[in-house]
There are 2 protein chains.
Amino acid sequence: MSRSRTTDKSPIPSVWTREQRRTDQPALSRDAIVREAIAMLDAEGIEALSMRKLGARLNAGATSLYRHVATKDELMELAVDEVAAEIHVPPAGGPDWRAAVTEAAGSFRTTALRHPWLTLVLGQAGLAYLGPNYMSFSERLAALFTAAGFPEPSRAIDAVFSYVIGMSTTEAAWLTTVARSGETESEFVARLLPAAQQASAGYDHLAAAGPETSAQAADPAQLRDDKFAYGLEVVLDGLALRLPK
Amino acid sequence: MSRSRTTDKSPIPSVWTREQRRTDQPALSRDAIVREAIAMLDAEGIEALSMRKLGARLNAGATSLYRHVATKDELMELAVDEVAAEIHVPPAGGPDWRAAVTEAAGSFRTTALRHPWLTLVLGQAGLAYLGPNYMSFSERLAALFTAAGFPEPSRAIDAVFSYVIGMSTTEAAWLTTVARSGETESEFVARLLPAAQQASAGYDHLAAAGPETSAQAADPAQLRDDKFAYGLEVVLDGLALRLPK
DNA sequence: TCCTCTGTGCGTACAGTGTTCGCATCGAGG
DNA sequence: CCTCGATGCGAACACTGTACGCACAGAGGA
């Protein structure tokens with residue numbers, strides 16, 4: 001479709017027949033590239049993103065992107081930091097630190113589930129290089145936990161957010177699997193139920209402990225919300241014991 | 001090296017000059033393939049594993065592997081399950097459930113750090129398909145938590161192991177970065193320290209809360225052990241509150 | 001008006017990937 | 001001895017990320 005402009009096979013190359021540079025179309029820029037990459041990642045998953053496809057969506061050649069981004073890995077880091085801006089952390093010093101931390105944890109989770117590739121990249125890059133948005137996220141967390149009175153705020157943060165990251169990673173992977181099936185979560189669960197029960201047939205405690213009853217399978221998203229909230233309360237209870245009083 | 005046998009350029013192809021099938025060498029089998037894949041993953045990291053390289057290490061062509069393994073993804077699932085057998089879970093019903101859970105959690109962590117690609121694959125596949133070793137790991141956990149007296153063992157397990165997975169993922173990513181640098185962890189930390197301090201310059205609480213002091217950088221592995229143990233105690237304290245008494 | 005310089009787009013090419021297909025060969029069973 | 005199913009594998013396909021060098025646009029100076 002419509003190669004951009006110059007090297008066209010038009011019979012008489014002329015300044016007049018030549019298309020203008022499309023200044024109305026958002027120019028190829030680092031920001032535009034990152035934005036479009038995020039859109040692609042959200043819509044089609046992490047393994048569907050290739051430099052060629054991304055270039056095509058921006059009406060550009062694949063290699064043009066390298067003028068604005070050193071490498072695909074760097075692009076992924078930029079995408080992660082862009083998305084980190086969506087995480088909301090309440091201001092420090094409020095009256096209820098538990099509510100504030102719950103809000104921050106929940107915001108991280110919903111962001112991670114909105115962009116299921118996030119946790120994958122985090123697990124790969126390991127926060128080696130920190131973008132400004134991620135830094136300020138960490139800073140606001142540190143402020144929050146310090147104001148709450150924790151003597152070792154970084155340890156408390158690590159405890160809470162290791163839990164949050166672990167749960168979000170598992171949930172994101174699950175949602176990705178569901179999305180690939182093309183069904184809704186409820187449909188997928190319903191179809192999976194017999195197989196799951198059969199798989200845990202020989203395992204007494206698994207079968208007894210598992211929440212795989214068709215009654216509870218009605219609203220899987222609610223179930224996940226509850227599970228997340230439960231574990232978070234556990235961690236916060238444990239932390240509260242360490243708050244000097 | 002030494003292509004296996006038949007289509008050789010030896011002058012006179014003959015049954016006698018032809019190499020015997022190396023029956024002493026472990027034949028190409030599903031188990032041998034999985035074992036060698038794990039060795040490669042451990043030694044060179046997840047992105048260094050390709051079917052061609054793996055075939056070469058087994059003195060086989062790349063496509064031969066597909067006789068024993070449907071796809072590379074399936075091979076990764078097999079590798080994950082193989083490694084899951086290394087996780088130790090104490091028998092249920094012991095006198096000290098906290099010690100038992102601590103043991104299981106620590107065993108998961110050391111396994112994840114011994115095979116830093118584990119958490120990556122877990123985050124990708126999302127435990128969609130469960131191998132026998134992973135199943136029996138889950139079963140033993142369920143037995144442990146049920147015997148400990150938790151009314152909702154699966155929720156307790158999720159709480160603890162979300163934390164364990166989250167922390168292990170972060171640590172594994174960090175260790176991978178360190179390994180790529182070719183330095184020891186201490187050297188890497190020492191070299192990174194000024195950059196880290198400069199990065200958190202404008203962030204008051206981060207700078208105050210960060211453990212980036214050269215004194216503590218002496219033994220980073222010990223620091224990580226402590227951090228993991230601290231968070232685990234937090235979670236277990238929170239869980240203990242929920243134990244009917 | 002021309003001439004240079006810098007920044008940008010991109011066609012081509014390279015080395016590598018996972019996987020399919022069909023052929024060659026093997027060991028075992030009738 | 002002959003057949004048959006299982007196994008190994010070379011060639012090929014459709015991709016991938018990225019290096020390189022050319023073509024061109026616009027800006028600034030002469």
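What you see is a predicted model; the values in this text were computed from it and never measured. Letters go in sequence order (proteins before strands), and every chain restarts at 1.
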note: B/E47, atom CD; C/dT17, atom P; distance rounded to Å ~ 12 Å
B/H68 side chain near D/dG8 phosphate (N/O to OP1/OP2, under 4.0 Å): yes
Length of the line joining A/L28:CG and D/dA25:P, which is rounded to integer Å: 17 Å
Rounded interatomic separation in angstrom, taking CZ from B/R30 and P from D/dT7: 12 Å
Considering only distance and modelled atom types, tabulate donor-acceptor pairs under 3.5 Å from the side chains of residues 113-121 of chain B, sequence neighbours left out.
{"unit_1": "B/R114", "atom_1": "NE", "unit_2": "B/E86", "atom_2": "OE1", "d": "3.2"}
{"unit_1": "B/R114", "atom_1": "NH2", "unit_2": "B/E86", "atom_2": "OE1", "d": "3.2"}
{"unit_1": "B/H115", "atom_1": "ND1", "unit_2": "B/D42", "atom_2": "OD1", "d": "2.8"}
{"unit_1": "B/H115", "atom_1": "ND1", "unit_2": "B/D42", "atom_2": "OD2", "d": "2.9"}
{"unit_1": "B/H115", "atom_1": "NE2", "unit_2": "B/E86", "atom_2": "OE1", "d": "3.0"}
{"unit_1": "B/H115", "atom_1": "NE2", "unit_2": "B/E86", "atom_2": "OE2", "d": "3.1"}
{"unit_1": "B/W117", "atom_1": "NE1", "unit_2": "B/D42", "atom_2": "OD1", "d": "2.7"}

For C/dT8 and A/S64 - does any side-chain N or O of the residue sit under 4.0 Å from the phosphate oxygens OP1/OP2? no
May I have the distance from A/R67 (atom CZ) to C/dT6 (atom P), rounded to whole angstrom? 14 Å
Residues which pass ring-ring contact (aromatic ring centres under 6.0 Å, His included) with B/F188, listed by chain and number, not counting sequence neighbours: B/W174
Please report the distance, rounded to the nearest Å, between CG in B/L54 and P in C/dT19. 12 Å
For B/L65 and C/dT19, give me the distance from atom CG to atom P, rounded to whole Å. 11 Å
Here the side chain to side chain donor-acceptor pair (under 3.5 Å) pairs for residues 61-72 of chain B, sequence neighbours left out, are none
Considering only NZ, NE, NH1 and NH2 on the basic side and carboxylate oxygens on the acidic side, decide whether B/E171 and B/R109 come within less than 4.0 Å. yes
Could you state the CD1-P distance from A/I33 to C/dT8, rounded to the nearest angstrom? 11 Å
Pairs involving residues 173-187 of chain B, ordered by first then second residue, that meet salt bridge (Lys or Arg N to Asp or Glu O under 4.0 Å) (sequence neighbours left out): B/E47-B/R180, B/E183-B/R191, B/E185-B/R224
Value in whole Å for how far the C1' atom of C/dG18 lies from CE of B/M76: 13 Å
Can you give one letter per nucleotide of nucleotides 11-19 of chain D, going 5' to 3': B for a protein heavy atom under 4.0 Å from the base, S for sugar-phosphate only, - for none? BB---BBBB
Taking only residues two or more places apart in sequence or in another chain, which ones pass salt bridge (charged side-chain N to carboxylate O under 4.0 Å, His left out) with A/D81? none
